[in-house]
Asker: 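Below is the structure I would like to discuss, written out as structure tokens.
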Amino acid sequence: MCGVFFFLLVFPWFGLDIGGTLVKLVYFEPKDITAEEEEEEVENLKSIRKYLTSNVAYGSTGIRDVHLELKDLTLCGRKGNLHFIRFPTHDMPAFIQMGSEKHFSSLHTTLCATGGGAYKFEQDFRTVGDLQLCKLDELDCLIKGVLYIDSVGFNGDSECYYFENPTDSEKCQKLPFNLENPYPLLLVNIGSGVSILAVYSKDNYKRVTGTSFGNMMSKEKRESVSKEDLARATLITITNNIGSIARMCALNENINRVVFVGNFLRINTISMRLLAYALDYWSKGQLKALFLEHEGYFGAVGAFLELLNSA
Amino acid sequence: MAERGGRGTSSGGDSSLDKSITLPPDEIFRNLENAKCFAIDIGGSLTKLAYYSTVQHKVARVRSFDHSGKSQEKDHHSNMPSPYEIQFQRDHSCDVHFIKFENTYIKPGVVPTIQRPIERRKDVMTCLIKGCNFVLKNIPHEVFAYQKDSDTEFRFQTNHPNIFPYLLVNIGSGVSIVKVETGDKFEWIGGSSIGGGTFWGLGALLTKTKKFDELLQLASKGQHTNVDMLVKDVYGGAYQTLGLSGNLIASSFGKSATADKEFSKDDMAKSLLHMISNDIGQLACLYAKLHNLHKIYFGGFFIRGHPVTMRTITYSINFFSKGEVQALFLRHEGYLGAIGAFLKGAEQDNPNEYSWGENYAGSSGLMSPSPDLCPMQRARSGTFDMFEMDRLERPLVNLPLLKDPSTYIPDTVDLTDDAMARKYWLTCFEEALDGVVKRAMASQPDSIDAAERAEKFRQKYWNKLQTLRQQPFAYGTLTVRSLLDTREHCLNEFSFPDPYSKVKQKENGIALKCFPSVIESLDSLGWEERQFALVKGLLAGNVFDWGAKARPWLEDSYSEWIQRLKEGPPHKCALIFADNSGIDIILGVFPFVRELLSRGSEVILACNSGPALNDVTYSESLIVTERIAAMDPIIQSALMEERLLLVQTGSSSPCLDLSRLDKGLALLVRERKTDLVIIEGMGRAIHTNYYAALQCESLKLAVIKNSWLADRLGGKIFSVIFKYEVPLK
């Protein structure tokens with residue numbers, strides 16, 4: 001994809017997805033750096049690489065999802081690992097400030113970003129960080145990211161999976177699903193809100209509907225009811241609701257594979273199993289709920305791929 | 001009837017109800033003593049009670065004297081013989097009463113004391129649908145769309161002849177989505193656990209406010225943007241590629257996840273309301289789309305007339321369906337279950353065979369339950385809400401000659417829409433009230449309690465007018481017709497069935513006496529002069545001091561009419577809607593009828609079934625016609641040969657709704673191939689039907705006896721309307 005001009009693409013390679021609640025960042029760590037390269041590598045770049053790859057937490061809120069790291073990928077002729085990092089959107093100003101302090105702009109890299117924050121923080125990137133953002137459509141990125149990650153697999157395992165016997169905790173099994181011929185599919189992205197896309201091919205998709213009723217959070221809870229009960233009731237209510245809307249969309253679009261992504265599902269087996277069960281039950285077995293290991297990172301991956309594409 | 005409300009109220013009596021229920025005086029549970037069938041629906045927070053009763057009420061009957069002249073009474077003033085006698089008799093009719101009240105009024109042990117609870121809680125959904133179909137079919141202006149930022153938030157819909165198919169979304173604690181295809185065929189197609197109970201429950205957790213109404217009040221004050229994450233919070237502006245506005249909610253409660261601050265109760269309640277309404281709206285749209293339905297009726301306690309919930313639901317439906325699906329609400333939504341249960345229980349009385357009418361006097365009308373919107377209303381009627389329907393003697397149908405029954409609107413001016421007109425007419429009716437009260441008393445000089453009843457009538461109608469000032473939408477679209485009809489219903493409630501009976505009797509007597517000389521002078525005229533004199537007679541009949549108004553009139557297609565008479569063939573059959581008693585019917589309508597008969601046309605003369613103002617009733621018209629036939633061989637032979645037919649309209653209104661006419665009339669109109677419709681008088685031709693489009697030729701005639709209305713139409717008081725219309729081929 002990068003042709004012979006791959007060398008024009010300077011490191012570091014980032015993809016950024018600035019959502020309403022979380023910022024997702026993917027970082028490509030080249031593992032094939034030659035001694036000569038290392039020599040020439042500017043100090044800034046080196047320190048960024050070392051900082052990102054040698055830590056699993058950044059500040060008090062940034063986290064690297066080590067278990068998701070994709071090893072030994074070859075991209076644009078370079079071999080390396082793909083890292084997945086997230087931090088809350090409200091720390092975005094601090095992130096930009098840090099970029100400014102570390103003279104990130106001197107690296108002359110392009111910063112590819114998607115998500116609403118790419119628009120919202122564009123001005124700050126320019127004025128505070130002296131950085132020009134390359135803004136990308138989030139739905140484009142999402143789909144590209146999903147297709148790419150699924151195609152490279154998860155370090156030898158399948159990226160896509162489903163649940164068998166989702167209601168039975170004894171028999172419930174997570175099984176790989178082959179998404180080789182993915183179309184048509186309904187892609188349900190549950191982040192702060194929910195977006196539902198009908199995807200017919202790599203470039204042919206439409207947004208079916210959206211909802212504001214996603215990862216609802218509220219602080220205040222009443223004492224007389226246990227927090228655990230409330231949290232669980234809320235989770236189940238919201239999950240059922242999303243399942244019901246996804247099912248109606250699938251029916252309306254005549255699509256029977258539904259892929260759920262987004263950070264709502266991160267460490268959230270309750271919701272995944274519930275979605276799997278609800279879709280199967282209410283559709284009398286006609287609909288299948290599918291999930292992806294990299295849940296919330298596909299937008300960032302898509303942005304990252306665009307960077308490589310631009311070279 | 002005079003003691004209506006005496007029993008079963010807190011004022012005494014031996015009813016065991018008294019021990020447990022404190023009933024407001026007078027109005028609630030009227031006619032309970034005659035009730036023959038009950039239905040009761042005890043819900044979680046509201047109890048709905050329905051009862052069917054035969055109501056004794058006074059009617060004024062007219063009876064022809066035998067013509068021996070023996071017993072003819074003399075009129076007190078003119079010493080003239082009366083053309084017929086009037087008797088006040090007791091008659092009975094059937095009413096259904098529905099009462100809703102909060103459960104705090106019921107205490108243990110009360111329900112069993114109602115001795116014939118033939119209907120207990122029936123299959124809830126079946127009852128709901130039955131009730132829904134019933135109101136959609138029978139109650140004019142039952143359905144409305146809610147418009148947020150318009151002067152008239154309530155946009156009432158014309159009753160469509162075909163009510164199916166539709167989607168009923170009942171938002172109670174949870175949500176039920178039902179597809180209704182015919183009267184008997186419906187299917188539960190979906191639902192959701194996120195409903196009114198979720199709003200209430202989460203709302204209570206978030207705000208510590210336990211009462212549903214209070215939560216809604218909080219919500220109506222709140223700013224959801226303080227709690228919700230909007231598209232602009234994520235994007236900094238609109239999301240252009242998707243065409244999503246910056247003010248759209250991206251994530252409900254999204255801000256509260258990360259912002260470290262206290263949120264106001266109002267804001268959280270508002271955000272929660274939006275979240276739940278949007279969710280239900282989205283789901284409902286998806287179902288509507290899947291089943292190709294375009295109308296969604298919303299009901300359940302979440303809606304129940306609450307402006308805030310109707311607003312958010314409507315917004316949500318418009319947003320998600322991009323205008324393809326309409327969110328609709330029902331005025332009597334809260335009664336659907338009770339009506340359905342009642343209908344099931346009353347099956348032996350075949351309630352579906354009859355037509356029904358809303359009794360404005362016995363119904364509290366659509367009230368906003370939000371206390372700050374109408375404090376007066378709330379205080380006055382407490383938590384009791386009533387809905388009364390009269391069973392009409394005969395089924396009502398559309399006039400077969402309506403051009404498009406689904407778009408026909410009888411009323412010329414929508415007073416809900418037109419604030420100036422509304423103010424004028426409400427004041428006008430208030431000012432006329434003294435006169436009506438006097439007239440009512442004078443109509444029953446021998447009754448001891450006439451003054452007392454007349455005073456009660458005054459109070460009741462005055463209160464209705466005040467309610468309508470505050471809530472013009474209470475009984476559907478407010479019109480001059482509904483104001484007039486409400487007055488008639490209130491008069492009836494206090495046993496003044498026909499305040500004008502004596503006046504009509506006297507005027508009919510005078511006019512009958514003049515009939516031969518009027519006919520003689522008309523017959524002496526040449527053809528053209530006679531036609532003009534006949535039209536003048538029709539016009540002059542409904543006004544006393546009408547001089548010779550020079551043409552051209554305010555609305556004048558007289559020449560076209562004359563040309564039609566000259567050049568065209570005689571009409572096959574003319575349908576005439578008569579207006580007033582006396583001069584109007586006898587010296588205006590009958591000579592005109594006589595001319596049409598002479599031309600070879602048949603005539604159907606339609607008069608009101610029941611009394612309204614000084615309008616001629618069907619039974620009066622029978623006597624008057626009999627007397628005229630005795631004087632006039634043309635009328636006589638036409639009656640004998642059934643070329644002149646007298647029918648009743650099925651209405652007791654001074655106005656005319658061509659979509660609710662007696663079935664017999666409609667059959668006759670079709671059978672006789674009616675090709676001319678004549679509507680006369682302000683009530684029928686101006687307040688209603690001025691813009692009515694028919695499939696055949698029509699004449700609409702009236703003299704405008706009201707300077708404000710004349711001014712509105714661009715003329716002066718006593719301007720003449722002569723509207724001859726031929727449908728476009």
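Quantities reported herein were computed from a predicted structural model and do not represent experimental measurements. Residue numbers start from 1 in every chain, and the chains themselves are labelled A, B, ... in the order their sequence lines are given, proteins ahead of strands.
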Asker: Ignoring hydrogens, what is the shortest heavy-atom contact between A:Gly19 and B:Val234? Give both atom names and the distance.
Answerer: C-CG1, 4.2 Å
Asker: Among A:Gln123, A:Lys120, A:His90, which residue forms the greatest number of heavy-atom pairs with chain B at distances under 4.5 Å?
Answerer: A:Lys120
Asker: Please report the closest heavy-atom contact between B:Ser251 and A:Ser192, naming both atoms and the distance.
Answerer: OG-O, 2.8 Å
Asker: Quick check on A:Tyr281: does its OH atom have over 12 non-hydrogen neighbours (other residues, nucleotides or ligands) under 6.0 Å away?
Answerer: no
Asker: Would you compute the distance between atom CE of B:Met275 and atom CD1 of A:Ile238 and round it to the nearest 0.5 angstrom?
Answerer: 6.0 Å
Asker: So which residue, A:Ser195, A:Cys249, A:Gly116, ends up with the most heavy-atom pairs under 4.5 Å with chain B?
Answerer: A:Gly116
Asker: Search all heavy atoms of B:Tyr235 against all heavy atoms of A:Tyr119 and return the closest pair with its distance.
Answerer: O-CB, 3.2 Å
Asker: Quick one: what part of A:Glu138 sits under 4.5 Å from any heavy atom of chain B, side chain, backbone, both or neither?
Answerer: both
Asker: Without swapping roles, check the side chain of B:Asp233 against the backbone of A:Gly20 for a donor-acceptor pair under 3.5 Å.
Answerer: no
Asker: If you count every heavy atom of other residues, nucleotides or ligands that lies below 6.0 Å from B:Glu324 atom CD, does the total exceed 12?
Answerer: no
Asker: Please say whether more than 12 non-hydrogen atoms of neighbouring residues, nucleotides or ligands are located less than 6.0 Å from CG in B:Asn162.
Answerer: yes
Asker: After noting the C-alpha distance and the side-chain angles of A:Met248 and B:Leu283, does the key distance pass the side chain to side chain contact (heavy atoms under 4.5 Å, CB included) rule?
Answerer: CA-CA 8 Å; A:Met248 292 305 297; B:Leu283 207 58; 4.2 Å; yes
Asker: B:Gln282 versus A:Ile245: any side-chain heavy-atom pair under 4.5 Å?
Answerer: yes
Asker: If you count the non-hydrogen atoms of other residues, nucleotides and ligands that lie under 6.0 Å from CZ in A:Arg232, is the total more than 12?
Answerer: no
Asker: Is there a side chain to side chain contact (heavy atoms under 4.5 Å, CB included) between B:Met229 and A:Thr21? Walk through the geometry before answering.
Answerer: CA-CA 9 Å; B:Met229 185 186 289; A:Thr21 315; 3.9 Å; yes
Asker: Measuring from atom CG of B:Asp279 to atom CG of A:Asn241, what distance do you get when rounded to the nearest 0.5 angstrom?
Answerer: 3.5 Å
Asker: Which atoms of A:Asn240 are under 4.5 Å from chain B, going by heavy atoms: the side chain, the backbone, both sets, or neither?
Answerer: neither
